[in-house]
Amino acid sequence: MSFGAPHRHYRLTDSTNTRARELAEAGAPHGTIATAEEQTEGRGRQGRTWTAPPGKALLYSAILRPLDQRHLLPLSVPLAVCATAERLRAGIECEVKWPNDVWLEGRKLAGVLIEAKPQDDWAVIGVGLNLAIEPHEFPPELRHPATSLGAGISIEAARRELDAQLDRWVTEDPARILAEFRVRDTLRGREVAWDGGSGVADGVDDGGSLVVVTLDGDRVVLGAGEVNLTRA
Ligand code: BTN
């Protein structure tokens, strides 16, 4: 496993995930990455858009092939992003917010959009990591408060570190991935709500689904989608 080569960099593109998907469809090998200084149609989860001022965030998409359930990608990728952030800025501790956001000090630092095509045995791992975005530069309509890693960190250094951390975390033993996710899980023990219910988050099961205990004591397993903290 080695992420980072070949590397296509775009000064301006619609979405690095779209570029990487095209490369994957054309047969690009495992580890190929697409990065951009600026995206015009950056995509987030649940059909949302993702925006960042030019040159102030790492906008990164990598091709993974072949697919293997043991990769536990929705968990291993945010762990790689946490490790990247902590290597770039000493002294911080990142958390993961299920399914795959990365938070720092109660604010969203990075988002992950994984798009898989199982029939062709590949996935694109998209990461947007805020590096030097000022508070006033975040769109006011954001669902969560957002933050940046801090000025002075180069996009190139962030890119190289993320390549290395993906190499490590995507191939990590599933038990180790689950253990690390559970340590960093910001939702555990907190009240959450989703389309159709609410309860207290009780961590992830061995498949990476979120377990929630409702007020009636029922255990609900959420495999995909969104949950929101009901209290800050
Ligand atoms: C989310 O939190 O909703 C996921 C955001 C993922 C954004 C990144 S930026 C690089 C890559 N290209 C995209 O269009 N999206 C991902």
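First listed ligand is number 1; within each ligand, the first listed atom is number 1.
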What side-chain donor-acceptor pairs closer than 3.5 Å can you find for residues 116-127, not counting sequence neighbours?
from: Lys117; atom 1: NZ; to: Glu25; atom 2: OE1; distance (Å): 3.3
from: Lys117; atom 1: NZ; to: Glu25; atom 2: OE2; distance (Å): 3.1
from: Lys117; atom 1: NZ; to: Asp120; atom 2: OD2; distance (Å): 3.0
from: Asp121; atom 1: OD1; to: Leu67; atom 2: N; distance (Å): 3.1

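- Enumerated by chain and number, the residues approaching ligand 1 to less than 4.0 Å through a heavy atom are Ser15, Thr16, Asn17, Gln39, Gly42, Arg43, Gly44, Arg45, Trp50, Leu59, Tyr60, Ser61, Asp101, Lys108, Gly111, Val112, Leu113, Val127, Gly128.
- The pair Glu95-Arg184 does not meet the salt-bridge criterion, since no charged nitrogen lies less than 4.0 angstrom from a carboxylate oxygen.
- Between the side chain of Ser148 and the backbone N or O of Gly150, no donor-acceptor pair lies under 3.5 Å.
- Note on residues 203-215: pairs passing salt bridge (charged side-chain N to carboxylate O under 4.0 Å, His left out), not counting sequence neighbours, are Arg182-Asp206.
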Taking only distance into account, with no hydrogens and no angle test, what donor-acceptor pairs under 3.5 Å do side-chain atoms of residues 192-202 form with protein atoms, sequence neighbours excluded?
from: Asp202; atom 1: OD2; to: Arg219; atom 2: NH1; distance (Å): 3.0
from: Asp202; atom 1: OD2; to: Arg219; atom 2: NH2; distance (Å): 3.1

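- Side-chain atoms of Thr35 and His9 include a donor-acceptor pair closer than 3.5 Å.
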